[in-house]
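Here the structure is laid out as structure tokens; the discussion comes afterwards.
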Amino acid sequence: MSVKEQQNLQLIQELEIEMMADMYNRMTAACHKKCIPPVYNDSEIAKGEAVCIDRCVAKFLEIHERIGKKLGQLSMQDESLLKK
Amino acid sequence: MSVPLPPGAGLENIDSEQIKTFKDFLISYNKLTEMCFNDCVSDFTSRSIKHAEDKCALNCLEKFLKVNQRISQRFQEFQVLANENALASIKQTGS
């Protein structure tokens, strides 16, 4: 692999990690907002809140995956349309 | 509150990794302050922080940390699973 290729690969990997972190932060914010009501009588996570968080994380990641797949499909379609 | 310095704070030998960790810490500190302030303090008839407001803010902080920990656990579990699936599909197509 050439030096240029290696540099580009590293840039792409760094970008991937950065985007992963961004997704993670957005997920944290979203699930906190959706599952934890803004009343802080207690510092413990309530049972229902815990279940909500678990489901929220699972669903967020699944939606992330599905949207990624769909986006991939769509951009492939666009590319093949452009080639025609 | 004084700003905590990044770990191992000899100013000469801080690498970019530590700066980034420190930056992330400051960002979440600010977000946390904003969120807990908005959720806990809405009475401005008095200058001083009421006991209930103080307690609410501290509960908010503790709960926030616990929630983050839980989310991180679930995320890691998901990652391990996704990795295993990816490896399995590579093996299937490879052999």
Side-chain angles (χ1 to χ4, degrees), chain A residues 1 6-73 76, chain B residues 15-43 49-89:
Chain A
M1 212 189 284
Q6 266 177 351
Q7 277 176 344
N8 282 341
L9 184 66
Q10 203 191 341
L11 276 179
I12 289 170
Q13 281 171 342
E14 276 172 10
L15 189 67
E16 252 172 14
I17 291 171
E18 207 179 303
M19 287 305 110
M20 194 69 132
D22 183 60
M23 184 272 280
Y24 182 86
N25 286 335
R26 286 171 196 271
M27 177 175 73
T28 308
C31 292
H32 194 282
K33 199 173 169 193
K34 284 180 191 289
C35 294
I36 311 294
V39 187
Y40 295 100
N41 296 323
D42 194 359
S43 71
E44 286 302 318
I45 304 174
K47 257 270 161 55
E49 292 170 348
V51 174
C52 177
I53 288 167
D54 294 352
R55 288 179 183 154
C56 179
V57 170
K59 274 188 152 172
F60 191 100
L61 292 172
E62 204 176 315
I63 294 285
H64 186 69
E65 238 174 44
R66 286 185 191 197
I67 288 181
K69 272 191 193 140
K70 190 74 194 169
L71 265 177
Q73 280 173 11
M76 293 247 275
Chain B
D15 55 29
S16 60
E17 196 65 27
Q18 278 175 303
I19 302 249
K20 180 146 194 333
T21 311
F22 187 48
K23 188 180 166 192
D24 287 343
F25 166 78
L26 290 178
I27 288 172
S28 60
Y29 172 29
N30 287 346
K31 267 193 198 157
L32 187 61
T33 306
E34 184 190 17
M35 200 188 73
C36 293
F37 177 81
N38 282 338
D39 288 347
C40 291
V41 182
S42 49
D43 172 34
I49 291 169
K50 276 191 254 140
H51 178 67
E53 289 169 343
D54 184 46
K55 195 156 182 294
C56 175
L58 291 180
N59 281 340
C60 174
L61 161 70
E62 267 186 57
K63 201 164 177 176
F64 180 85
L65 295 176
K66 282 175 193 162
V67 166
N68 273 4
Q69 209 182 2
R70 194 177 180 98
I71 290 177
S72 136
Q73 275 170 5
R74 294 293 101 83
F75 181 68
Q76 277 173 32
E77 287 165 13
F78 177 86
Q79 288 259 289
V80 169
L81 219 76
N83 268 341
E84 277 172 6
N85 285 341
L87 271 177
S89 67

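Just so it is clear: chains get the letters A, B, ... in the order the sequence lines come, proteins before strands, and each one is counted from 1. Because only heavy atoms are used, hydrogens play no part in the values below, and waters and symmetry mates are left out as well, while side chains stay in.
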How about [atom1] on [X], more than 12 heavy atoms from neighbouring residues, nucleotides or ligands closer than 6.0 Å, or not?
X       : atom1 : value
B:Ile49 : CD1   : no
B:Glu17 : CD    : no
A:Met76 : CE    : no
A:Met20 : CE    : no

### Task
Could you look at B:Gln69 and say if it's the side chain, the backbone, both or neither that has a heavy atom under 4.5 Å from chain A?
neither
Output the distance between atom [atom1] ([X]) and atom [atom2] ([Y]), rounded to the nearest 0.5 Å.
X       : Y       : atom1 : atom2 : value
B:Leu61 : B:Thr33 : CG    : OG1   : 9.0 Å
B:Phe37 : B:Glu53 : CZ    : CD    : 8.5 Å
B:Lys63 : B:Lys66 : NZ    : NZ    : 9.0 Å

### Query
What closest approach, in Å, do A:Glu49 and A:Glu44 show between heavy atoms, and which atom pair accounts for it?
OE1-O, 4.2 Å
## Note on the structure
The interface call for A:Ala50 against chain B, heavy-atom contacts under 4.5 Å, is both
### Task
Under 4.5 Å heavy-atom distance to chain B, tell me which part of A:Ile45 shows up: side chain, backbone, both or neither.
both
### Query
Would you call A:Asn41 and B:Asn59 a side-chain contact if the rule is heavy atoms closer than 4.5 Å?
no
### Query
Which of residues 60-71 of chain A get closer than 4.5 angstrom to chain B, counting heavy atoms alone?
A:Leu61, A:Glu65
### Part of residues 70-78 of chain B lying next to chain A, heavy-atom separation under 4.5 Å
B:Arg70, B:Ile71, B:Ser72, B:Arg74, B:Phe75, B:Phe78
### Task
Please state whether the sulfur gamma atoms of B:Cys40 and B:Cys56 sit closer than 2.5 Å to each other.
yes
### Message
If you compare the SG positions of A:Cys56 and A:Cys31, is the separation below 2.5 angstrom?
### Response
yes
### Query
If you tally heavy-atom pairs under 4.5 Å against chain B, which of A:Asp42, A:Ile36, A:Asp54, A:Thr28 wins?
A:Asp54
